[in-house]
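Just below is one structure, and these are the notes that go with it.
Chain letters run A, B, ... following the sequence lines, proteins first, then strands; residues in each count from 1.
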Amino acid sequence: MHEAIKAAKIPTEVAEVTMVASTYTKLDGAPAAAMMRLLEVIEDLDDTQNVYSNFDMDEEAVTA
Amino acid sequence: MSGHSKWATIKHKKGALDAKRGKIFTRLIKEITIAAKNGGGDPDGNPRLRGAIVAAKAENMPADNIKRAIQKGTGELEGASYEEITFEGYGPGGVAVIVEVMTDNRNRAVSEIRHAFSKNGGNLGETGSVGYMFSKKGVIVVAKSAVDEDKLTEIALEAGADDLSEGL
């Protein structure tokens, strides 16, 4: 797939293997903030290689 | 524009990871080491190692470091032996979380991950508790401005893509 897109001379921003969830859970307010904190703490651990979740939130809340 | 999209999550995740630049090399090296250990030190016959090397080069990792990481994996060089563990758990609001860990100390990793979940309103679940909700897929992101949508759809379908979705 990546080859096909490259062959068409389209620049790709990201190409990776990841875990895609079948459904996403949208949070806002306090639970969303708590969820982000959890992801940050886990990512901060030295042993952590990858973190995946089915967490979703509004872009506005990220910047707020 | 509404951010109602899984890309918002992915972008956030990437941003948070990128902020920890000091850890990136460690992670890349571990990935190379374990890929070489499992599939051999020849990138031509080991797609995972090939991918890991591409990722390391993208971060400008020196070739020497890459070579050493491979040799550690194949056993030519002494080094810590890493073990891969996948943790599954729930975050606040019932969000499913999967954590892939590579560690040289399983007990420490388990206790750290469990602690991280319990301190932040989540809990570590059994293996298989959330894994069924996820599937491993390759994701390729292309700038919207870089291509005509019809053209991209055509390419994606021809190459056998599962899905083509519009992000932000």
Side-chain angles (χ1 to χ4, degrees), chain A, chain B residues 1-6 8-10 12-14 16-17 20 23 26-27 30-31 51 55 84 91-103 105 108-109 112-113 116-117 119-122 130 133-143 146-147 151-152 155-156 158-161 168:
Chain A
M1 176 65 57
H2 197 201
E3 308 303 325
I5 290 178
K6 275 201 287 197
K9 299 205 186 335
I10 301 165
T12 56
E13 313 247 304
V14 179
E16 61 178 4
V17 176
T18 187
M19 299 288 255
V20 178
S22 48
T23 60
Y24 283 78
T25 303
K26 195 165 187 179
L27 299 179
D28 49 24
M35 189 60 217
M36 278 172 68
R37 213 160 38 239
L38 172 63
L39 292 178
E40 273 162 28
V41 169
I42 293 174
E43 274 166 7
D44 244 359
L45 296 175
D46 285 337
D47 291 333
T48 301
Q49 200 72 4
N50 290 301
V51 184
Y52 308 108
S53 78
N54 67 344
F55 168 48
D56 192 13
M57 65 189 292
D58 280 322
E59 184 85 341
E60 297 84 64
V62 179
T63 46
Chain B
M1 200 186 299
S2 151
H4 180 64
S5 147
K6 55 193 165 194
T9 321
I10 291 168
H12 165 70
K13 185 194 86 183
K14 294 201 85 63
L17 265 180
K20 323 276 186 238
K23 292 213 169 94
T26 318
R27 284 180 184 162
K30 277 192 200 167
E31 173 66 22
E84 285 183 289
V95 173
V97 181
I98 291 185
V99 188
E100 286 178 358
V101 158
M102 283 190 203
T103 182
N105 184 338
R108 185 192 61 212
E112 279 182 354
I113 296 283
F117 272 103
K119 278 282 173 192
N120 292 286
V130 304
M133 286 188 246
F134 293 85
S135 50
K136 206 154 196 141
K137 285 199 193 323
V139 172
I140 298 171
V141 180
V142 173
V147 65
K151 180 87 190 304
L152 185 62
I155 295 168
E158 250 174 49
L168 299 170

Report the option among [options] that has the most heavy-atom pairs separated by less than 4.5 Å from atoms of chain A.
| options | answer |
| --- | --- |
| B/Val101, B/Ile98, B/Val147, B/Val130 | B/Ile98 |
| B/Gly94, B/Gly138, B/Ala96 | B/Ala96 |
| B/Gly121, B/Ala55, B/Ala116 | B/Ala116 |

note = Among A/Ala34, A/Ala30, A/Pro31, the residue with the most heavy-atom pairs under 4.5 Å to chain B is A/Ala34
request  = Give me the one residue out of A/Thr48, A/Asp47, A/Leu45 that meets side-chain contact (heavy atoms from CB on, under 4.5 Å) with B/Val99.
outcome  = A/Thr48
State, to 0.1 Å, how close [X] and [Y] come at their nearest heavy-atom pair, and which atoms those are.
| X | Y | result |
| --- | --- | --- |
| A/Ala21 | B/Phe134 | CB-CE2, 3.6 Å |
| A/Thr25 | B/Gly93 | CG2-O, 3.9 Å |
| A/Asp46 | B/Lys30 | O-NZ, 3.1 Å |
| A/Met35 | B/Gly91 | SD-CA, 3.9 Å |
| B/Pro92 | A/Leu27 | O-CD1, 3.4 Å |

inquiry  = Nearest 0.5 angstrom please: A/Asn50 CG to B/Met102 CE, how far?
reply    = 7.5 Å
key: Residue pair A/Val41, B/Lys119: steps toward the side chain to side chain contact (heavy atoms under 4.5 Å, CB included) verdict   = CA-CA 10 Å; A/Val41 169; B/Lys119 278 282 173 192; over 6 Å; no
ask   = What part of B/Val142 gets closer than 4.5 Å to chain A, counting heavy atoms only: side chain, backbone, both or neither?
value = both
inquiry  = For B/Glu31, which atoms come within 4.5 Å of any heavy atom of chain A: side chain, backbone, both, or neither?
reply    = both
query = Would you call A/Phe55 and B/Val97 a side-chain contact if the rule is heavy atoms closer than 4.5 Å?
reply = no
task = Check side-chain contact (heavy atoms from CB on, under 4.5 Å) between B/Asn105 and all other residues, then give those that pass, not counting sequence neighbours.
result = B/Thr103, B/Asn107, B/Arg108
